[in-house]
Protein chains: 2
Amino acid sequence: MRKRCNVVELLARGQVASTVHRVGVLKVISRSPKAIAPRSLLQEIRKTTPIDKVTLYRILDLFVAKKILRRMTGQKGTMCYEVMCEKHNPQHPHFVCRTCGDMECLEGIDISDVKQRLRHTRYIEEEAIDLKLEGVCGKCRTKKSFKKKGNPV
Amino acid sequence: MRKRCNVVELLARGQVASTVHRVGVLKVISRSPKAIAPRSLLQEIRKTTPIDKVTLYRILDLFVAKKILRRMTGQKGTMCYEVMCEKHNPQHPHFVCRTCGDMECLEGIDISDVKQRLRHTRYIEEEAIDLKLEGVCGKCRTKKSFKKKGNPV
DNA sequence: AATTTTATTGCAACTTAGTTGCATTGTGTT
DNA sequence: AACACAATGCAACTAAGTTGCAATAAAATT
Ligand SMILES: [Mn+2]
Ligand SMILES: [Mn+2]
Ligand SMILES: [Zn+2]
Ligand SMILES: [Zn+2]
C-alpha cells in the first residue's frame, strides 16, 4: 500500500477519539508495505514514543471493531493488521511462507466474487474474509539449507 | 465428514509407521464432524489412552508434513485439524464465529477455481489454501446477550 | 536370545501471544 | 478547582506451542 490513507480521516470514520498512541499505531501500520504483527508494531512505535503492549493490543482491538483495521491470521496464528480502506487497500488474499513466516499481500487480485458466492451458497452473515495461501516463498526456496533437504525445486 | 477414511490407509499413504498414539489421534480427528483443535483432541484421546501434549503436537506436525492432515487457523490463531482426503473430505472453506469461536466446515463448496486463479495470477508455488469467513454464527446471533448490545439482527 | 541402534514418547522447563484487574494519568466539563 | 470518564501503564496471569533430554519401545544386527 504505497498511497497512504489519511490517518485523521480513518479515525473520524470510525468515530474514534484521536490520541497520540492511536495516531502513532495507525501511522506505522499505514506506512507498512505489508500486513504487520503486534511485535514489529511495538518495535516501530517505540522508536518515537514509549508504549505498553497492553495499550497496543487494546488499540488494535478497537480499530478492528471500528473497521479501521483488518485483522488476519499470519504465521502460526499470530495476528497481522493492515489498513481497512477500500480505496487505498482493497480486500485481497495473502501468501504466508511456511518457512520464514513472511506474509505477502496479493494485491490486485479481486476476491469479491468469492465473497458473493459464499454468501449465497449458505445462509451466512459474514463480516470478514480471510483468504490465505501457504507455501514457501522465493527467498526461502533458493536457500541451500532448503534445497539440501531434497525439497521440490 | 460422515464417511470416515480408513486410518490405516492414511498412515500408509503418508509412509508413517503405525503406533497406538498415531492411530488414536487419527481416529478421533476422522470421527469429528468438524475441524478440531489440540485442546479438544487431547480431551477426547485421553478418554481411552493417556497421552502427553508434546506427543500430540509432534504427531500433528508429522501428519501435516505428510499430508495426512490439513491444518488451518481457527479462532484467535489456535490451530485446527481435519483429515486431508480428497475423496472423503475435499478442500473447502470454513466459517468461524467471532463470538463463540466455533468453526464450521462449508462443505460442498468447490474452491479449486480460486486456487487456480491465484496460482496463475502470481508466480507462487502454493501448497495449501486457507479460506475462512468470519462472522457471528446462528446460535450466537439469537442469544439475548448479543441482541442487547444493539447489534444488527 | 542378547546386543546394539533407532524411533517414539514423557517430563520439566521455557517462550511467546494475548488477557485481566486495578491503579494512575490525562482530558474535557461544570 | 472539582468532577467525570476515557485512556494508559503495570503486574500478574493464561494458554498455545516449543525445546532439550531422559526413558522407553520397537527394529535391526550380531
Ligand atoms: Mn494485505
Ligand atoms: Mn473443514
Ligand atoms: Zn520464506
Ligand atoms: Zn457463535
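Note on naming: letters A, B, ... go to the chains in the order of the sequence lines (proteins, then strands), and numbering restarts at 1 for each one.
For the pair B:I51 CD1 and C:dT8 P, the interatomic distance rounds to 14 Å; values are reported in whole Å. Going from atom CZ of B:F63 over to atom C1' of C:dT8 covers 12 Å, rounded to whole Å. The separation between A:D52 atom CG and D:dA11 atom C1' is 10 Å, rounded to whole Å. Residue B:L42 contributes atom CG, which lies 10 Å from atom P of D:dA16 at whole-angstrom precision. Rounding to whole angstrom units, CG of residue B:L62 and C1' of D:dG17 are separated by 17 Å. Across the protein-nucleic acid pair, A:I45 atom CD1 and D:dG9 atom P stand 11 Å apart, rounded to whole Å. Spacing between atom CG of B:L60 and atom P of D:dG17 amounts to 9 Å, rounded to whole angstrom units. Taking atom CD1 on A:I59 and atom P on D:dA6, their separation rounds to 16 Å, with Å as the unit.
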Take nucleotides 14-21 of chain C nucleotide by nucleotide from the 5' end and write B, S or -, depending on whether a protein heavy atom sits under 4.0 Å from the base, only from the sugar-phosphate, or from neither.
-> ---SBBBB
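A donor-acceptor pair is defined here as one N or O able to donate and one able to accept, closer than 3.5 Å; such a pair exists between the side chain of B:T48 and the backbone of B:I45. A:K132 places a side-chain N or O within donor-acceptor distance of the main-chain N or O of A:T73, the cut-off being under 3.5 Å. Between the A:T19 side chain and the A:R22 main chain, a donor and an acceptor come within less than 3.5 Å of each other.
One finds a side-chain N or O of A:T19 lying less than 4.0 angstrom from the OP1 or OP2 phosphate oxygen of D:dT8. OP1 or OP2 of D:dT8 lies within a sub-4.0 Å distance of a side-chain N or O belonging to A:H21.
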For salt bridge (Lys or Arg N to Asp or Glu O under 4.0 Å), just list the numbers for B:D61 and B:R71, CA-CA rounded to whole Å, side-chain angles, deciding distance to a tenth of an Å, and then say yes or no.
-> CA-CA 9 Å; B:D61 285 348; B:R71 169 172 21 214; 3.2 Å; yes
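Applying the side-chain contact (heavy atoms from CB on, under 4.5 Å) test between B:R58 and each of B:L62, B:V54, B:L60, B:L56 identifies B:V54 as the sole match.
The environment of B:E86 atom CD is dense: over 12 non-hydrogen atoms of other residues, nucleotides or ligands sit within 6.0 angstrom.
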